[in-house]
Amino acid sequence: MCGIVGYLGNKNAFPILLNGLKRLEYRGYDSTGIALIENGKIDVHKKEGKVRELEQITENQSFKSTIGIGHTRWATHGEPNDVNAHPHVSNSGNLAIIHNGIIENYGSLKKDLIQRGYTFESDTDTEVFVNFIEDIKKSENLSLEDALRIALTKVIGAYAIAIISMDTPNKLVAARKGSPLVLGLGKDEFYLASDATPIIEHTNEVIYLKDEEIVVMENGEYHIKDSRDIPQTPYIQTLELELEAIEKGGHDHFMHKEIFEQPISIADCMRGRLNAEKGELTLGGIRNYAKALQNAERIVIIACGTSWHAGLVAEYIFEDLCRIPVEVEYASEFRYRNPVINEGDIVIAISQSGETADTLAAIELAKSKGAIVLGVVNTVGSSISRVSHEGAYLHAGPEIGVASTKAFTAQLTVLFMIALKAAKNKGTIAENRFQQLLRELSLIPSKVEKALQSNDKIEEISDMFKNASNFLYLGRGYNFPVALEGALKLKEISYIHAEGYPAAEMKHGPIALIDENMPVVVIATRDSSYDKIVSNIQEVKARKGVVIAVVTEGDSLIPGMADFTIEVPSTHESLMPLVSVIPLQLLSYHIAVMRGANVDQPRNLAKSVTVE
Ligand code: M6R
């Protein structure tokens, strides 16, 4: 949460920073700000609201500075307003800082600083942080980086920060712990950002800074040291990310683009891994732990939100194909219990961003108890990909819309491949079934393409339900997690209350909610529980509920009972979530657009949740 950018070089910093903030706005959009060193002074421009508000208040100004830092905020300490917006400046006006993370002991630091005469304008932990650095710098007469290094040994919490100082107008200093930070290397210039998206239009040479590293950029050179002041040899990566992958490309919203990209993103996930003609499946990323996986006594899946829903589907797949018991845990709950983890247990951590704080903390806990952690992550170079023992990237391309869509289907694809491979290695799947599932998986991109063709019909249905106050989503078996996912999509972007439930559980409570005002989305594709879900639809209809059913192409029974039906192509039931989720993504998208909601940046949310 929060996006940070920095620039030092020979170009005009302001437009670079502003553009970078636009790219990072998905990480937080409560307020925005930029600080430059202009005419020997720290010059700060900040505003509550989105980047365009900052753009408006600065549009008639001309800037010449070649150094600066910028921030887009997701509020933690203090409400979103102009004063709490970053950058924050120290009392003397000498230092300006931007910060993504939380300083947990800011209260005691603040008390101490107040006693020493410091004053504070904002409610933020960050303003305390910058004055704390200033205090150390002044009292010990230190360089900016030395003062920062000492300060960092005394703060508790997570941070990615960048600092500039009026005293040293050609120096940019940054550090990270627990929050991501990427350094882009240009010719005599440096870019900093929370992820690589603001950087790739300038350079594809990047360094993903490690926890507790401090980088100092000055005079066309950079030096990275750890918290003990020991120089580090960085690993420079060449990114393959294309600019068009992070732009809307003619779509009204990123979410729309990402929903419609799925035939390609799913194919990209399988590229180089699955060869249906030859009947081969290769997963190089988990080669070293393949044996450990097939021999595991237990698999624990940890994730949050949509990634957790992908984990629930994976539970069914692994248990069915590999006969290994699986537990799926919310990372945030797992880490605050005293979970039983045995040496050799396999923990699969699923995350689109690879930066989710709860998932990261759960991984550390699992590792400390001897588990082997396999990461299923989309963002290359992200923290989770680095702390996992091994893993498989999704290769779905950047997902910018806050509501996760293509990452979910990519997660299902990768998890299915991992399970299938493990089952083959373990011998729990017959060769002909293995080959059949491989072939079926390879057909999923074209089936998703077909499912997307219901878009117009779904738009019409959306128009009829756009004013509903509640929705119920029901599914059984593999489609139960899809019901949860459909409900999450609707509530997060349209702000309509929605609940996902296993269809058979409805009679144990939620059935009391059903009347003629309750739209019930039932995922009722043809599978082993088809007859049962048909009965559930009848139960809803008997209570005058309005049923929108997602059915398998050619179903002739359910259309006679449901009020609306949306067809999806048939596939094996374990792969059906990849297809049956598509209409639910579209339904939530259209309803949100019709309600005038900000689809890509829903209120109160941020794309990567880097606070606990
Ligand atoms: O980046 P991650 O997959 O770890 O994120 C987990 C959740 O925060 C995320 O899935 C969230 O629930 C999305 N907004 C759902 O659309």
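Both counts, for ligands and for their atoms, begin at 1 and track the order of listing.
Counting the atoms of ligand 1 from 1 in the order shown, those under 4.0 Å from a heavy atom of S404 are 15 (C), 16 (O). Atoms of ligand 1 lying under 4.0 Å from any heavy atom of A403, numbered from 1 in the order shown and given with element: 16 (O). Proximity to V402 (heavy-atom distance under 4.0 Å) selects the following atoms of ligand 1: 13 (C), 14 (N), 16 (O). Under a 4.0 Å criterion applied to the non-hydrogen atoms of S351, ligand 1 contributes the atoms 1 (O), 2 (P), 3 (O), 4 (O).
Under a cutoff of 6.0 Å and an axis angle of 45°, K248 and F254 form a cation-pi pair. Cation-pi check for R176 over Y159 is not met; the charged atom does not lie both under 6.0 angstrom from the ring centroid and within 45 degrees of its normal.
With a heavy-atom cut-off of 4.0 Å, E355 does not touch ligand 1 at all.
On a distance-only criterion, Q411 and ligand 1 share no N/O pair closer than 3.5 Å. Considering backbone and side-chain N/O of L488, none are found under 3.5 Å from N/O of ligand 1.
Of the protein's non-hydrogen atoms, S353 OG, 2.6 Å is the one closest to atom 1 (O) of ligand 1. Nearest protein heavy-atom contact of atom 16 (O) of ligand 1 is E492 OE2, 2.4 Å. The nearest protein atom to atom 8 (O) of ligand 1, hydrogens excluded, is given as V609 CG2, 3.8 Å; this is a heavy-atom distance. The protein atom (non-hydrogen) at minimum distance from atom 7 (C) of ligand 1 is C304 O, 3.7 Å. The nearest protein atom to atom 4 (O) of ligand 1, hydrogens excluded, is given as T356 OG1, 2.4 Å; this is a heavy-atom distance. Protein heavy atom in closest approach to atom 15 (C) of ligand 1: T306 OG1, 3.1 Å. With hydrogens left out, the protein atom closest to atom 12 (O) of ligand 1 is G305 CA, 3.3 Å, a heavy atom.
Considering each of P602, S307, S588, A331, the one bringing a non-hydrogen atom nearest atom 3 (O) of ligand 1 is S307.
Assignment of T359 to the shell around ligand 1 is not supported, since no heavy atom sits closer than 4.0 Å. For K489, the heavy-atom gap to ligand 1 drops under 4.0 angstrom.
For the pair L281 and L420, the minimum side-chain heavy-atom distance is below 4.5 Å. Side chains of L415 and V313 form no contact here, defined as non-hydrogen atoms less than 4.5 Å apart. Side-chain contact between L360 and V387: present, with at least one pair of heavy atoms (C-beta onward) separated by less than 4.5 Å.
Ion pairing between R337 and E333 fails under the 4.0 Å rule for side-chain N and carboxylate O.
With sequence neighbours excluded, the residues satisfying side-chain hydrogen bond (donor to acceptor under 3.5 Å, both in side chains) with Q411 are S307.
Side-chain rings of F564 and F465 approach one another, their centers coming within less than 6.0 Å.
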field: Trace of the side-chain contact (heavy atoms from CB on, under 4.5 Å) decision for I493 with M255
entry: CA-CA 10 Å; I493 59 168; M255 183 180 179; 3.5 Å; yes

Please lay out, stage by stage, how I548 and V522 fare under the test side-chain contact (heavy atoms from CB on, under 4.5 Å).
CA-CA 6 Å; I548 304 163; V522 188; over 6 Å; no

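A distance of 7.0 Å separates CD1 in I199 from CG in L192, rounded to the nearest 0.5 Å.
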